[in-house]
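Below is one structure, written out as structure tokens; comments come after it.
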Amino acid sequence: MFMFLFIASLLSAILATISFWIPLISPDTEKLSPYECGFDPLGSARLPYSMRFFLVAILFLLFDLEIALLLPAPWAIQLFNPILTIIWSSILIVLLTLGFIYEWLQGGLEWAE
């Protein structure tokens, strides 16, 4: 038991040391630059915000909501009348799929023009 704890502690210490040491080897400017926001955080706060980032964020939220709503569906199938659950789940999936296709056809998912 002591040997197991010793090896686990030693391995954890080695991996923690390596994880702190490796990023210091070559700090790249791309790795140090901001991401996800689409603009320079040190510039003016009055610059117009890109609608593309907003649309992508809304799409992520929409599909996260879909997952949250469909997550209990496997347990709801075990209810007395599972047909209602299947119908509502199918309606939700069809509506979100149609919205995604509409967004795609309108060019809202095109990153470069």
Side-chain angles (χ1 to χ4, degrees):
M1 184 70 174
F2 175 73
M3 188 61 135
F4 175 73
L5 289 175
F6 176 73
I7 291 174
S9 299
L10 182 67
L11 187 61
S12 298
I14 290 172
L15 290 175
T17 304
I18 289 174
S19 70
F20 283 115
W21 177 65
I22 285 180
L24 298 176
I25 292 174
S26 61
D28 190 13
T29 57
E30 292 296 323
K31 290 181 184 177
L32 296 176
S33 68
Y35 60 97
E36 294 182 11
C37 59
F39 56 87
D40 184 22
L42 302 177
S44 174
R46 302 290 182 206
L47 294 176
Y49 187 72
S50 173
M51 286 301 291
R52 295 195 186 276
F53 291 104
F54 179 73
L55 286 174
V56 170
I58 293 296
L59 283 174
F60 276 122
L61 288 174
L62 194 70
F63 286 106
D64 284 345
L65 179 64
E66 173 194 7
I67 291 170
L69 289 174
L70 292 176
L71 203 58
W75 290 281
I77 297 284
Q78 299 172 2
L79 293 174
F80 179 70
N81 189 6
I83 299 299
L84 189 61
T85 303
I86 294 171
I87 289 171
W88 281 110
S89 298
S90 300
I91 288 172
L92 181 66
I93 290 174
V94 166
L95 282 175
L96 286 173
T97 303
L98 290 175
F100 184 70
I101 290 170
Y102 175 76
E103 190 74 30
W104 192 344
L105 293 176
Q106 292 296 318
L109 300 177
E110 296 294 325
W111 202 245
E113 295 184 30

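Predicted, not measured: the structure shown is a model, and the values here were computed from it.
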Query raised in the report: Could you state the interatomic distance from CD1 (Ile7) to CG (Leu10), rounded to the nearest 0.5 Å?
Result: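 Spacing of CD1 (Ile7) from CG (Leu10) equals 8.0 Å.
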
Query - Leu15: hydrophobic cluster co-members (side-chain, 4.5 Å) - result: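 Answer for Leu15: Leu11.
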
Query raised in the report: Going by side-chain heavy atoms closer than 4.5 Å, which hydrophobic residues are tied to Leu105, directly or by a chain of links?
Result: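 Reading the cluster by chain and number, Leu105 sits alongside Ile101.
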
Contacts table for residues 85-100: side-chain donor-acceptor under 3.5 angstrom, sequence neighbours left out:
{"unit_1": "Ser89", "atom_1": "OG", "unit_2": "Thr85", "atom_2": "O", "d": "2.9"}
{"unit_1": "Ser90", "atom_1": "OG", "unit_2": "Ile86", "atom_2": "O", "d": "2.8"}
{"unit_1": "Thr97", "atom_1": "OG1", "unit_2": "Ile93", "atom_2": "O", "d": "2.7"}

